[in-house]
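Please read the structure below before turning to the comments.
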Amino acid sequence: MTETARDRLIVGLDLPTIAEAEKIVATLGDDVVFYKIGYQLVFAGGLEFARDLAASGKKVFLDMKLLDIDNTVAKGVENIAKMGMSMLTLHAYPKAMKAAVEAARGSDLCLLGVTVLTSMDEQDVIDAGYEYDPHTLVLRRAEQARAAGMGGIVCSAEESSAVRKIIGPDMALVTPGIRPAGTDKGDQKRVMTPADALKAGSSHLVVARPIVAAADPLVAARGILDEMNGALSR
């Protein structure tokens, strides 16, 4: 796992246009080296933008949450590995994870299993047809991700401590739903501050709106990096 806050902070480019994403990247400059690109930007030309970011020396977390039949997942992962991406998400279903791991073998792509979305609470999980509460379902999927040979998992910081005990020290534990103290939760239901998430065992923190929607994104990013560095130095 990486040691510095700069390597652990992933800024989510949850923006509607490439122009806006380019502006954020330019504004943040060398302070930020890792970016997440998800559905919103992908469908606005974000795949080419992701390639360009990687080619420029930035790390890119492609948040596609893949889930399909084994062959389709494998072929998608093979091509994504060729794009120079650093991380890729897929839903933590055992068959999909095993297919993805085999397809990514020999590459530097870190595969992340998405356990339970941070926008979901217990009632949402029940409504989706699962017999487990969110915490239990996250731990079950963490076990399956480790068994499949995944590079890491995605979960809420609320589960980070328990998950870290399951997956050990070497797998990445990527946490979305990070909100500095005093900021709006938005549509997230299971959130934590940057410092608390790191203390709980998270290796990487995904922060989008608190940075990209800030009046001054660079000041916001630096504030979060300072908080993370403080937690890492203790």
Side-chain angles (χ1 to χ4, degrees), residues 1-14 21 25 28-39 41-42 45-68 70-115 141-142 144-155 160 163-164 166-176 198 201-208 225 228 232:
M1 291 187 294
T2 53
E3 296 298 331
T4 68
R6 187 166 172 261
D7 288 321
R8 292 177 182 241
L9 174 64
I10 304 174
V11 173
L13 294 174
D14 298 339
V25 172
L28 298 180
D30 292 334
D31 285 69
V32 173
V33 297
F34 215 147
Y35 289 95
K36 178 183 77 76
I37 293 178
Y39 289 146
L41 202 58
V42 161
L47 291 180
E48 287 303 318
F49 179 65
R51 286 191 182 93
D52 292 342
L53 267 185
S56 74
K58 301 293 187 182
K59 296 180 181 179
V60 180
F61 167 15
L62 195 59
D63 189 18
M64 296 304 296
K65 300 183 181 71
L66 301 181
L67 181 60
D68 213 307
D70 297 359
N71 184 65
T72 300
V73 168
K75 296 305 181 185
V77 169
E78 286 175 4
N79 278 343
I80 290 168
K82 296 173 185 176
M83 292 171 60
M85 302 295 97
S86 295
M87 289 179 169
L88 169 70
T89 52
L90 56 147
H91 282 288
Y93 285 65
K95 282 173 64 65
M97 290 192 291
K98 290 175 184 176
V101 167
E102 186 59 36
R105 198 174 303 281
S107 76
D108 294 327
L109 181 62
C110 178
L111 297 171
L112 303 172
V114 176
T115 55
R141 287 183 164 171
Q144 293 170 330
R146 184 190 63 186
M150 296 282 283
I153 70 163
V154 180
C155 72
S160 290
V163 167
R164 180 56 73 193
I166 291 172
I167 65 174
D170 297 327
M171 288 177 66
L173 203 168
V174 180
T175 303
L198 290 175
S202 298
S203 63
H204 297 78
L205 310 183
V206 179
V207 185
L225 286 166
M228 292 171 67
L232 290 170

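Because only heavy atoms are used, hydrogens play no part in the values below, and waters and symmetry mates are left out as well, while side chains stay in. Quantities reported herein were computed from a predicted structural model and do not represent experimental measurements. Sequential numbering from 1 along the given sequence is applied to the chain's residues.
- Under the 4.0 Å criterion applied to side-chain N and carboxylate O atoms, Arg6 and Asp30 are not assigned as salt-bridge partners.
- Residues Leu67 and Ala96 approach most closely at CD1-CB, 4.0 Å, considering heavy atoms.
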Donor-acceptor contacts under 3.5 Å from residues 75-91 side chains, at least two apart:
from, atom 1, to, atom 2, distance (Å)
Thr89, OG1, Asp63, OD1, 2.7
Thr89, OG1, Met64, N, 3.1
Thr89, OG1, Lys65, N, 2.9

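- Note that OG1 of Thr72 is 10.0 Å distant from CG of Leu66, once rounded to the nearest 0.5 Å.
- Side-chain atoms of Arg141 never come within 3.5 Å of backbone atoms of Gly113 as a donor-acceptor pair (strictly under, hydrogens ignored).
- Residues Cys110 and Ala172 come closest through the heavy atom pair SG-CB, 4.4 Å.
- In terms of heavy-atom proximity, Ala208 sits nearest to Asp14 at CB-OD2, 3.3 Å.
- For the atom pair NZ of Lys36 and CD1 of Ile10, the computed distance is 9.5 Å after rounding to the nearest 0.5 Å.
- Rounded to the nearest 0.5 Å, atoms CG (Leu13) and CZ (Phe49) are 6.0 Å apart.
- Of the inter-residue distances, the one linking Ile166 atom CD1 with Ile153 atom CD1 reads 8.0 Å to the nearest 0.5 angstrom.
- Side chain of Lys58 to backbone of Val32: a donor-acceptor contact under 3.5 angstrom is found.
- To the nearest 0.5 Å, the span separating CZ on Arg105 from CG on Leu111 amounts to 10.5 Å.
- Between the CE atom in Met228 and the CG atom in Leu205 there is a gap of 4.0 Å [rounded to 0.5 Å].
- Side-chain contact between Thr115 and Val163: absent, with no pair of heavy atoms (C-beta onward) separated by less than 4.5 Å.
- Between Val154 and Pro176, the shortest heavy-atom distance links the atoms CG1-CD, 3.6 Å.
- Counting all heavy atoms, side chain and backbone alike, Ala21 lies closest to Leu41 at CB-CD2, 3.7 Å.
- In plain terms, the two heavy atoms of Phe34 and Asp7 that are nearest each other are CD1-O, 3.6 Å.
- Judged by distance alone, with hydrogens and angles left aside, the side-chain atoms of Arg164 form a donor-acceptor pair with the main-chain N or O of Met171 at under 3.5 Å.
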